[in-house]
Amino acid sequence: MSIYDTLNDRQQEAVFYTEGPLLILAGAGSGKTRVLTHRIAWLIDQIGVNPWNILAITFTNKAAGEMRERVDQIVGFGSESIWVSTFHSMCVRILRRYIDRLGYDTNFTIYDADDQKTLIKDVCKYLQIDTKMFKERSLLSAISSAKDELVTPEEMTLRAEGDWAKKKIAQVYTEYEKQLKANNALDFDDLLLKTVQLLQTQPDVLEYYQERFRYIMVDEYQDTNTVQFKLVSLLAGKYQNLCVVGDDDQSIYKFRGANIMNILNFEKEYPNAKVIKLEQNYRSTSTILNAANEVIRHNTGRKEKSLWTENGEGEKIQFRQFDSAYDEADYIVSDIKDKVNSGKREYKDFAILYRTNAQSRIFEEKMVVSNVPYKIVGGVNFYARREIKDLLAYLKTVDNGKDDLAVRRIINVPKRGIGLTTIGRVQDYATEREISFYEAILAAGSVPGIGRALGKIESFAALIEHFKAEGERMSVAELMDEIIDATGYVEELQADSDEEAESRLENIEELRNKIVAYEESCEAEDEKSTLSGFLEQVALVADIDSLDEETDYVVLMTLHSAKGLEFPHVYLAGLEDGIFPSYMTITADDPAELEEERRLCYVGITRAKENLTLTCARRRMVHGETQYNKMSRFLKEIPLSLLSTGALFKKEQTEEEPKVSAYRQAKQAFATKAFAATKPAQQFTVTKGKGPGYDVGDRVRHIKFGEGLVTQITEGGRDYEVTVDFDTAGTKKMFAMFAKLQKID
DNA sequence: TTGTCTGCATTTTTT
DNA sequence: ATGCAGACAA
């Protein structure tokens with residue numbers, strides 16, 4: 001009896017088919033990770049492939065670690081020399097070795113979203129771009145998609161010919177690139193793009209990696225974008241032993257440039273590709289699986305497949321609608337508590353999934369109050385916190401003096417009396433001479449107009465030089481301590497006794513732990529721990545990587561983060577039109593966006609193994625205002641026969657609304673299903689309470705237009721449109737939400 | 001130069 | 001509700 005006997009026929013076929021391109025269409029819960037690990041084992045064990053020649057690309061570091069571990073368990077040796085990593089960390093590894101060929105230093109810095117924003121602001125200021133017209137956000141996303149599509153600044157400039165707005169964007173892109181290079185920095189997209197450029201321009205490097213990676217596997221292939229596709233094709237170009245695993249129904253990263261065509265057209269790209277479908281689900285009960293199938297059925301243009309399972313029917317899916325988001329959170333948390341207290345489950349069996357990170361807060365509050373251990377994945381990244389970024393900026397400055405952003409960040413943190421004017425002068429001097437900001441600092445004596453700040457700058461330069469010298473002989477942790485000590489960063493926080501300062505100190509302590517952990521892990525692998533190495537690790541960790549299956553806590557995260565995970569009991573919260581599917585996708589004119597939301601819903605449902613609870617609230621606070629939402633359209637796509645709406649629950653007595661039971665509400669919602677498609681969802685937002693707080697015939701005051709008479713109120717979209725006859729300003733139509741009209745008695 | 005105030009926009013999802 | 005940029009005073 002071999003380990004491969006435990007696989008089903010299809011899975012075996014996928015494992016044994018080792019030569020040439022292979023597309024595995026793996027439905028949710030069909031055991032694709034098992035297939036991949038067994039395939040690697042098979043390659044090593046039976047085909048005699050050197051582990052060194054295998055590359056497996058996963059979506060997260062966590063998945064990579066798990067895969068390595070599982071291969072290790074099967075094969076027992078050699079797994080450490082397999083390359084298992086994410087696209088990004090693989091690229092960094094390659095670039096650290098060869099990027100000098102593209103004119104960068106190999107100790108380049110990686111810019112995160114925050115740094116990108118700072119840089120783009122600088123660029124806009126420098127180019128005198130009107131950021132009212134060109135939002136930094138959209139500029140960045142334009143640049144990002146250009147990089148995803150392998151479009152260089154030169155190309156974009158050419159394409160923009162004759163279009164003023166496009167030319168502006170191209171100009172920004174060009175300058176942004178220039179500055180990145182001057183700072184010896186790469187952004188996330190660059191990691192992929194530069195690697196592709198490297199392989200395209202350096203035949204010997206390409207040859208080396210093609211030879212090295214004779215067998216390539218890519219997980220979550222449906223979420224790859226054009227650069228990633230290109231990268232994989234380059235690497236697999238010689239041996240063509242490329243195995244990709246994916247599920248078009250789980251493609252949820254289009255907004256990040258993921259190109260679903262990569263999977264749909266795999267057979268066109270590789271005409272001799274073998275296609276294997278894995279359709280047996282081992283994860284969920286048939287009830288859950290049916291619900292998922294029913295929902296995803298509403299999408300068009302998918303690869304036909306039908307998931308089935310031998311698992312039992314299991315329990316019905318629970319559905320609950322609540323008056324408010326508070327009630328919703330209350331119910332879920334106490335439901336979890338009940339089930340744990342009755343000994344049926346442990347905390348770690350539960351996951352609460354939601355559409356947006358903002359929804360986590362309310363659950364967190366309830367968890368704290370109820371004393372339920374929990375872990376929130378995502379949200380504000382640990383490394384994005386101010387104190388962490390500050391200290392990292394010191395490390396970056398020591399590591400890569402060209403990183404102007406880092407130097408400018410810390411030159412006056414903690415306060416040294418170096419102000420904006422001084423920084424501006426130094427920057428001008430640096431720009432003029434085309435030297436880095438830090439070089440200008442070192443030459444501060446010759447910068448004009450510095451005046452009495454000179455001494456302060458010189459002592460700052462001396463401080464950094466001191467760190468650089470010390471860094472040569474110190475470990476990263478020691479250097480960090482020295483920085484904390486010499487700058488008085490912690491001291492300053494300690495003097496501050498409020499709660500925020502306290503949590504900052506804790507974070508700094510946590511950072512120190514992470515540095516020590518990094519150094520220990522290097523030691524374990526017999527590698528030298530370096531400052532660059534640590535900074536790189538920091539840049540590429542996702543929050544999900546810190547998820548630990550062993551710890552007994554409830555996990556809270558977005559649906560996106562939940563991809564690839566499974567839990568015995570899943571709560572899908574906030575199933576309301578406007579939340580999920582999000583308001584953006586409902587109002588977008590592209591139906592494809594709604595389909596992506598539906599796939600997200602499919603992903604969410606299929607995370608559940610045994611129990612699934614769907615909840616929504618009639619009323620919830622969003623951005624400081626109360627929103628009234630209809631239940632999600634996706635709910636209506638689940639057959640009523642799979643649902644249980646459970647016992648009735650308390651309604652708030654203060655509300656004047658008709659008292660309809662949850663069950664009736666649900667029933668009504670399903671009954672109107674046929675009409676729902678043609679009628680727009682009725683939802684609206686008001687600043688407080690119900691209605692705009694005034695009526696036709698009332699006198700109101702507007703902050704700018706003065707007093708006037710309300711002549712008409714019409715309900716439109718998510719707001720009221722109010723027509724007011726102003727005494728002095730004439731008749732205006734405006735939305736109640738924005739106008740903030742005040743009734744005059 | 002620093003701190004505070006005010007008005008303004010912002011809100012999907014992430015390696 | 002929160003966070004940021006710009007204005008202005010200390």
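So that the names make sense, note that chain A is the first sequence line, chain B the second, and so on, each numbered from 1.
Residue A:Lys456 is the one, among A:Lys456 and A:Ala113, whose nearest nucleotide of DNA chain B lies closer to the 5' end (criterion: closest heavy atom). Toward the 5' end of DNA chain B, the nearer of the two residues A:Phe255 and A:Arg416, judged by each one's closest nucleotide, is A:Arg416.
Nearest nucleotide to the A:Asn357 side chain, out of B:dT14, B:dG3, B:dT1: B:dT14. Considering only the side chain of A:Asn412, B:dT2 comes nearest among B:dT14, B:dT2, C:dA1. For A:Lys415, counting side-chain heavy atoms from C-beta on, the closest listed nucleotide (B:dT13, B:dG3, B:dT15) is B:dG3. Residue A:Arg361 has its side chain nearest to C:dA1 when only B:dT12, B:dT14, C:dA1 are considered. The A:Ile544 side chain lies nearest to B:dT15 when the options are B:dT12, B:dT15, B:dG3. Among B:dT13, B:dT14, C:dC4, the nucleotide with an atom closest to any side-chain atom of A:Lys121 is C:dC4.
In terms of phosphate contacts, A:Asn61 brings no side-chain nitrogen or oxygen within less than 4.0 Å of OP1 or OP2 of B:dT15. A close approach under 4.0 Å does not occur between any side-chain nitrogen or oxygen of A:Ser582 and OP1 or OP2 of B:dT13. A close approach under 4.0 Å does occur between a side-chain nitrogen or oxygen of A:Ser561 and OP1 or OP2 of B:dT14. Phosphate contact (OP1/OP2 of B:dT1, side-chain N/O of A:Thr422, threshold under 4.0 Å): present.
Rounded to a whole Å, the CD1 atom of A:Ile423 is 9 Å from the P atom of B:dT2. For the pair A:Lys254 NZ and B:dT14 P, the interatomic distance rounds to 18 Å; values are reported in whole Å. When the P atom of C:dA7 is taken as reference, atom CG of A:Leu420 falls 13 Å away, rounded to whole Å. A:Arg137 places its CZ atom 16 Å from the P atom of C:dG3, with the value rounded to the nearest Å. If you measure from atom CD of A:Glu136 to atom C1' of B:dT10, you get 13 Å, rounded to the nearest angstrom. Separating the CD1 atom of A:Ile579 from the C1' atom of B:dT13 is a distance of 14 Å, rounded to the nearest angstrom. A straight line from OH of A:Tyr354 to P of B:dT13 spans 10 Å, rounded to a whole angstrom. Rounding to whole angstrom units, CE of residue A:Met557 and P of B:dT13 are separated by 15 Å.
With respect to the salt-bridge test (charged N to carboxylate O, under 4.0 angstrom), the residues A:Arg599 and A:Asp248 do not qualify. Salt bridge annotation for A:Arg598-A:Glu637: present, with a cationic side-chain nitrogen under 4.0 angstrom from a carboxylate oxygen. We find that A:Asp115 and A:Lys396 are joined by a salt bridge, their nearest charged nitrogen and carboxylate oxygen being less than 4.0 Å apart. Ion pair A:Arg355/A:Glu597 flagged as a salt bridge, since at least one NZ, NE, NH1 or NH2 atom sits closer than 4.0 Å to an Asp/Glu carboxylate oxygen.
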* To do: Please step through side-chain hydrogen bond (donor to acceptor under 3.5 Å, both in side chains) for the pair A:Glu364 and A:Tyr374, ending with a clear verdict.
  => CA-CA 8 Å; A:Glu364 179 166 31; A:Tyr374 67 96; 2.7 Å; yes
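No cation-pi contact links A:Arg620 to A:Tyr326, judged by a cut-off of 6.0 Å to the six-membered ring centre and 45° from its axis.
In this structure, the aromatic ring of A:Phe188 is positioned over the six-membered ring of the base of B:dT15, centres within 5.5 Å and planes within 30°.
At a cut-off of 3.5 angstrom, counting only N and O atoms as typed in the model, there is no donor on one side facing an acceptor on the other between the side-chain of A:Arg256 and the base of B:dT13.
When heavy atoms are screened at a 4.0 angstrom cut-off, A:Phe580 is found touching no nucleic acid atom at all. Across all strands shown, A:Lys62 has no heavy atoms under 4.0 Å from either base or sugar-phosphate atoms.
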